[in-house]
There are 2 protein chains.
Amino acid sequence: MDLIEVVHGERELFARAGHLFDVDELACAANTLFTWWRTNPEPQPNPRRLKRLRKMFRLSAMLDPSWSQQAHVMAEHGAEVRVTADELNETLLLGHRFVIMAGDMSRGERSYSVISAPEAVQGIHALYEAAWRAASPLEVHDASMVELRPLTPGILTALNDGLTDEAAARALGLSLRTYRRRVAELMAAMGATSRFQAGSRARELGLV
Amino acid sequence: MDLIEVVHGERELFARAGHLFDVDELACAANTLFTWWRTNPEPQPNPRRLKRLRKMFRLSAMLDPSWSQQAHVMAEHGAEVRVTADELNETLLLGHRFVIMAGDMSRGERSYSVISAPEAVQGIHALYEAAWRAASPLEVHDASMVELRPLTPGILTALNDGLTDEAAARALGLSLRTYRRRVAELMAAMGATSRFQAGSRARELGLV
DNA sequence: CACCTCGTGGCCACAAGCTGCCATGCTCGG
DNA sequence: CCGAGCATGGCAGCTTGTGGCCACGAGGTG
């Protein structure tokens, strides 16, 4: 394999580089590639060989109950899970010799770079470590979401139905101030600074 | 075929009901089913047999340049095209004996009802005619979009970037009043009454 | 029981957005 | 050339949203 190789789509990626997953340490950031790999029938990870698994979820993705559930299932199965507010690209660190990074969508498929150049792999590892240290452990994230989490679906429904904050607060049994506080937290978690952006992001994340 | 039949997905629909498209008059509402049919290799419409083709596009869809382009291409090829502000479901009227109506997504595929019960077909025809009369001919729609159309991409970008109206107006070379006038028109075209809804709809329509 | 922490809610100042009204100017047709 | 129609832009009044500040109360801990 060349020092860097670009493939298109997950099937091609795993056909060409699936064997690289046979490592004892795996770290990943963002959401979908790892999920695709775990649900892909070939090749499956050797459960005894993998000694350390780390996963960083995006904060915005964690607003989705199914992602949140998945994070907890992974944690229960021994993975180290953190949550980051940064909008990281899909990244997979396979041991210390290979890295897979997602690129752009083209022709309906995402491209992936499989990198084995030692300098690049090392640099990406260092960046991953920095992002990992800055991210919140899952339990800290959970604690900070105690007030927002149960209200998120209701708030998103109210916003998507076009209710004013006053009407939405009444509908959800909250004061106007608290409703607005929760909306601000939700917008921050989605990385949105305006209501339009929040609507766009919520739809993009599949939350509405 | 029974008086009403439900199928799942476009492939099954055309496998089961493709022969029904061999009619001399066809009317449809909304966007994707007709497009799917025209790009499906089997069966193709008999160009000499089809005497009248009518198509109603949703106003919100017409904000997308590719849909707008498609509407014009159809009009140039002899179809009667109108634009409606109503959020119609996918509907195909095949002559005066069959109707296909889209249902919900399930298991990643949309369900379709193929209806041949004469009373239902007649009722749906009457509703279609009413909606058709209420819709705007393509040229009337175009005239009303003269100011908004060229600005739509820029406005959507500005909104999605979280710019204030004042900053966006400056960026687009418009006065604040005119920018806000255009945003209001865009929101009306999308059927949105709040900025959050507009963001959600824009993302849903693939406009951002 | 007292004290501390923290979430809630009311109030307020300010910013951003919504829309009506009207003056102005441009374009087009008679 | 003139008048009508219509889009723009400024202004204003109002609504909605943003977030700080503070009082209060609940819960937990020593």
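Quick note on labels: first sequence line is chain A, next is B, and so on, each numbered from 1.
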(message) In whole Å, I'd like the distance from the CG atom of B:L174 to the C1' atom of D:dG10.
(response) 15 Å
(request) Represent DNA chain C in dot-bracket notation, 5' to 3'. Only Watson-Crick or G-U wobble pairs with both distances under 3.5 Å count; pseudoknot-style crossings use [ ] and interstrand partners use |. (result) ||||||||||||||||||||||||||||||
(message) Between P on C:dT8 and CG on A:L176, what's the gap in Å once rounded to a whole number?
(response) 14 Å
(message) For a quick check under 3.5 Å, do B:Y112 and B:E10 share a side-chain donor-acceptor pair by atom type?
(response) yes
Pair up each side-chain donor or acceptor in residues 200-208 of chain A with any protein partner under 3.5 Å, not counting sequence neighbours, and list the distances.
residue: A:S200; atom: OG; partner: B:N160; partner atom: OD1; Å: 3.0
residue: A:S200; atom: OG; partner: B:R203; partner atom: NE; Å: 3.1
residue: A:S200; atom: OG; partner: B:R203; partner atom: NH2; Å: 3.1
residue: A:R201; atom: NE; partner: A:M190; partner atom: O; Å: 3.1
residue: A:R201; atom: NH1; partner: A:E204; partner atom: OE1; Å: 2.8
residue: A:R201; atom: NH2; partner: A:S60; partner atom: OG; Å: 3.2
residue: A:R201; atom: NH2; partner: A:E87; partner atom: OE1; Å: 3.4
residue: A:R201; atom: NH2; partner: A:E87; partner atom: OE2; Å: 3.2
residue: A:R203; atom: NE; partner: B:S200; partner atom: O; Å: 3.4
residue: A:R203; atom: NE; partner: B:S200; partner atom: OG; Å: 3.1
residue: A:R203; atom: NH2; partner: B:S200; partner atom: OG; Å: 3.1

(request) Return the orientation label for the B:F14 and B:F21 ring planes: parallel under 30°, perpendicular over 60°, tilted otherwise. (result) tilted
(request) Give the rounded distance in Å between these two atoms: CD of B:E185 and C1' of C:dT19. (result) 13 Å
(request) For the pair A:R58 and A:E90, find out whether any cationic side-chain nitrogen is under 4.0 Å from an anionic carboxylate oxygen. (result) no
(request) Rounded to the nearest angstrom, tell me the gap between atom CG in A:L151 and atom P in C:dG7. (result) 14 Å
(message) I'd like to know if B:K51 and B:E25 make a salt bridge, using a cut-off of under 4.0 Å between side-chain N and carboxylate O.
(response) no
(request) Mark up nucleotides 11-21 of chain D, 5' to 3', with B wherever a protein heavy atom is under 4.0 angstrom from a base atom, S wherever such an atom reaches only the sugar-phosphate, and - elsewhere. (result) B----SBBBBB
(request) Could you tell me whether A:R177 and A:D165 make a salt bridge, using a distance below 4.0 angstrom between a side-chain N and a carboxylate O? (result) no
(request) Please state whether the phosphate of C:dG9, meaning OP1 or OP2, lies under 4.0 angstrom from any side-chain nitrogen or oxygen of A:T178. (result) yes
(request) Give a yes or no on whether a salt bridge exists between B:R149 and B:D142, defined as a side-chain N under 4.0 angstrom from a carboxylate O. (result) yes
(message) Tell me the interatomic distance from A:F196, atom CZ, to C:dC18, atom C1', rounded to whole angstroms.
(response) 17 Å
(message) With a 4.0 Å cut-off on N to O distance, would you call A:R52 and A:E80 a salt bridge?
(response) yes
